[in-house]
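What follows is one structure encoded as structure tokens, with my remarks underneath.
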Number of protein chains: 4
Amino acid sequence: MSSETKTRRRRKAERPAEILDAAFEEFVQHGYSATRLEDVAARAGVTKGTVYFYFDAKERVFEEMVRHKSQTFLPDLAMQAEKAEGSYTERLQALVAYTYAHIAENRDSREVLRFLISEGGRFPELVDRHYDEFVMPMIDQFKQLIDAGVAAGEFRDAPASEFVEIIMSPGLLVCLWSLVFGTRKHFDLDAFTRASTDLILRGLAK
Amino acid sequence: MSSETKTRRRRKAERPAEILDAAFEEFVQHGYSATRLEDVAARAGVTKGTVYFYFDAKERVFEEMVRHKSQTFLPDLAMQAEKAEGSYTERLQALVAYTYAHIAENRDSREVLRFLISEGGRFPELVDRHYDEFVMPMIDQFKQLIDAGVAAGEFRDAPASEFVEIIMSPGLLVCLWSLVFGTRKHFDLDAFTRASTDLILRGLAK
Amino acid sequence: MSSETKTRRRRKAERPAEILDAAFEEFVQHGYSATRLEDVAARAGVTKGTVYFYFDAKERVFEEMVRHKSQTFLPDLAMQAEKAEGSYTERLQALVAYTYAHIAENRDSREVLRFLISEGGRFPELVDRHYDEFVMPMIDQFKQLIDAGVAAGEFRDAPASEFVEIIMSPGLLVCLWSLVFGTRKHFDLDAFTRASTDLILRGLAK
Amino acid sequence: MSSETKTRRRRKAERPAEILDAAFEEFVQHGYSATRLEDVAARAGVTKGTVYFYFDAKERVFEEMVRHKSQTFLPDLAMQAEKAEGSYTERLQALVAYTYAHIAENRDSREVLRFLISEGGRFPELVDRHYDEFVMPMIDQFKQLIDAGVAAGEFRDAPASEFVEIIMSPGLLVCLWSLVFGTRKHFDLDAFTRASTDLILRGLAK
DNA sequence: GATGAATGAGGCTTCATTCAT
DNA sequence: AATGAATGAAGCCTCATTCAT
């Protein structure tokens, strides 16, 4: 069935997501203030008016777009954590690799981070929401694993146990690198991940 | 020459910097697109026309402002590295502490990073310049120290030696934390620095 | 025929009037240009499309609404004039009181006057129609009574006989007062009517 | 000196009034909502931006325009009242004639009344201001004269003494007539004034 | 008959930029 | 050097109107 023959009702169900996807691209390219809603509309294959039929204002489009693109990878992370096997070292290694790959390679979450950095001041609820739904849960996930490793006597009780963010920081660096330098200065993610994991695990080892 | 004339001359000489300082504050608060040159002028105590006397266009004001606020801390870092004493472990510890403190607490460089992230696409030369004048030198500085430590047999030849960025990543995390959450979610920088340094040094140790 | 069908039919028959009533309220509150047909529809409990089913365009809704709300009180006035008894003075007194009460207290005709004043330029036919169907007949009604009173020797042949509008002007003033000041500056209509009638009758008396 | 050679400073002093005069014409022709600020600008010989240089928003233009056009005729009325001579009857006669002529023939105040009627709901301060600065003082002026006439035994103590608005109501009727019918249905103002004055004076006479 | 998704022209407002003074 | 009046392009948003369902 071609998209032209879709019923209006079906299209209505799909429109908002189409608009938000288009908005994502435009906001990524030009930033919040410099993107024109008309371009968003054109990219989504509708007209200005249609955007306003679904969203109150430009701010709302932005907020919903971030929400839309924040469909978190947390459930996946939890699943990875559960199905992880072997020593705590091996489990942590696996989880770190999984997380870095996500942070570094997932364009959506990378750009969401850019939005939080550049427009967070204008959209504080978005920031708070991100903290609650993304940052804290991820930290918790890692903290659990490390605490268990410490309890099992596999990791030493390093001060880093209280700042598991440290473990994620190399991943964030890659993400930031990508945000700032794009593809101009390339990065061997695999080697970097190996190096980071090596350093971290060695740093945690007893 | 009357003192009034002198004052006027002195003021004239300071004008551009005053304007750039004002621009910094406005750009920090509203982002590139959303700041009005008129507000910049008002904050600097001049009028729009004066801004245009010193700078061609809004883009130029932004670029010059970033340049102005990028007065790098590299010379300081080099000095610190030179006057550092003791084992390589101790030297690295000192340098890391110094760097984290700068990255985390220096508002100017923090906000410059925000500008690079949010407006880098619009100002690629700025990004390149930053890479050349800031990122690479800093990486080199650390790489030298670590290579020396390895050569001296104090550090193992970890894969991280090829990615000394890893060592700076916890500092960047604090910086990012501050950019996104401001002062809302506080952070014990000292404890975090100790934990990071501990992890890193342990990870590098033979 | 099920009662439901009947209800539907009945409702259908009432729809236009319901829409016009809703339109009246919205036009009163916001004026012609500033009222949105969507709000009219919502107030009438239908959707925009339905409004367009019954009326060609916004202008038509307005015109029909004014017509709908202009269901004149002239028949009532004529009846009052007919059943009036006593001297011409008493009859005029009664008719004046009746007219003032209507002009001053009937919200519909008051607001119709507002529409004529504010949108008359855009709807000249409405104005002409009002003149023919409302203004002239009312003037005639009064003129007849006064002429009869003059003929009967009860009133002097004052110049005002040629301008019976004068007699209605105090009523109009109350109406205007209400249009401009609403209920904020109150007005003792009864006392005002008595005062006006007293002045007029005395002015007409021989 | 041609208008082109006027200095910018001089022009700045004149611009606001020029814009407000232009705004008056446009608002009169189309009403508040339907006039485009761009047309106001064009009529004033400037561009949209200039209007916004002098006035915050369309609402402000309207308010200031009403204020500008409300330069009251009260001082003139007071002067007329002072220099009036003869019996109270003659003085009242003169004042009424003067007032009617103003109300009926002064286009500015007539249209201001139209604005109060059509847009008063949107600009309540304007209405209140008009009441304080225009309506009440005028009423007072007439009340003083009538009270004096009553005290002097020239007028009877009619109930109308408490509602001197009655005296102005014929003038208002002419004004309204003009607002609604424009020049289409003409009106012999002089004759009407004579008729009204005759009726009123006779009504007040002892 | 009725709905409501979609359109697109049009108006308000902002602001980078210019230039006469 | 500095001012600030003036411009005009551009963007946000509204809403009368249409039409497929």
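Within every chain, numbering begins at 1; the chains are lettered A, B, ... in the order of the sequence lines, protein sequences first and strands thereafter.
- Remark on DNA chain E: of its neighbouring residues D:Lys58 and B:Ser33, the 5'-side contact belongs to D:Lys58, judged by nearest-heavy-atom nucleotide.
- One finds no side-chain N or O of C:Lys48 lying less than 4.0 angstrom from the OP1 or OP2 phosphate oxygen of E:dG4.
- With hydrogens and angles disregarded, no donor-acceptor distance shorter than 3.5 Å links the side chain of A:Thr50 to the backbone of A:Val46.
- D:Ser33 and D:Arg122 are linked by a side-chain donor-acceptor pair at a separation below 3.5 angstrom, with hydrogens and angles left out of the test.
- For the pair D:Tyr32 (side chain) and D:Glu59 (backbone), a donor-acceptor distance under 3.5 Å is present.
- Among the protein residues, D:Tyr54 comes within range of the sugar-phosphate backbone only, with heavy atoms under 4.0 Å from sugar or phosphate atoms but none that close to a base.
- For A:Thr50 and E:dT7, the shortest distance from a side-chain N or O to OP1 or OP2 is below 4.0 Å.
- Atoms CG (B:Asp56) and C1' (E:dT17) sit 11 Å apart, rounded to a whole Å.
- In terms of modelled atom types and a separation under 3.5 Å, the side chain of A:Arg114 and the main chain of A:Leu179 share a donor-acceptor contact.
- Contact between the side-chain N/O atoms of A:Thr47 and the OP1/OP2 oxygens of E:dT7 is found at a separation under 4.0 Å.
- Atom pair C:Glu14:CD and E:dG1:P shows a separation of 14 Å (rounding to whole Å applied).
- Of the candidate nucleotides E:dT17, E:dT13, F:dC12, F:dC12 has the atom nearest to the side chain of A:Tyr52.
- Using modelled atom types, one side-chain atom of B:His30 and one backbone atom of B:Glu26 make a donor-acceptor pair closer than 3.5 Å.
- With the nearest nucleotide of DNA chain E identified for both A:Val46 and B:Glu38, A:Val46 has the one nearer the 5' end.
- Rounded to a whole Å, the CD1 atom of C:Ile19 is 12 Å from the P atom of E:dG1.
- Aromatic pair B:Phe123/B:Phe115: ring centres not closer than 6.0 Å.
- If you measure from atom CZ of B:Arg60 to atom C1' of E:dT17, you get 14 Å, rounded to the nearest angstrom.
- Residue C:Thr35 is classed as a sugar-phosphate contact, given heavy-atom separations below 4.0 Å to backbone atoms only.
- Mapping C:Gly49 and A:Ala34 onto DNA chain F via the closest heavy atom, the residue that lands nearer the 5' end is A:Ala34.
- Checked for salt-bridge contact, C:Glu25 and C:Arg107 meet the test: a charged N lies under 4.0 Å from a carboxylate O.
- Rounded to whole Å, the distance from CZ on D:Arg36 to P on E:dT13 is 14 Å.
- Regarding B:Arg15, its CZ atom lies at a distance of 11 Å from the C1' atom of F:dT3, rounded to whole Å.
- Scored by the side chain to side chain donor-acceptor pair (under 3.5 Å) test, D:Lys69 finds D:Asp21 as partners (sequence neighbours excluded).
- For DNA chain F, each stem of at least three Watson-Crick or G-U pairs (distances under 3.5 Å) is given as range with range: E:2-21 with F:2-21.
- Counting to the nearest Å, the C1' atom of F:dA1 and the CZ atom of B:Phe55 are 15 Å from each other.
- When rounded to the nearest whole Å, the span between CZ of A:Phe62 and C1' of F:dC13 equals 19 Å.
- Heavy-atom distances to DNA chain F give each of C:Leu37 and D:Val51 a nearest nucleotide, and the one nearer the 5′ end belongs to D:Val51.
- Closest approach to the B:Phe53 side chain among F:dA1, E:dG10, F:dC12 is made by F:dA1 (side chain taken as heavy atoms from C-beta onward).
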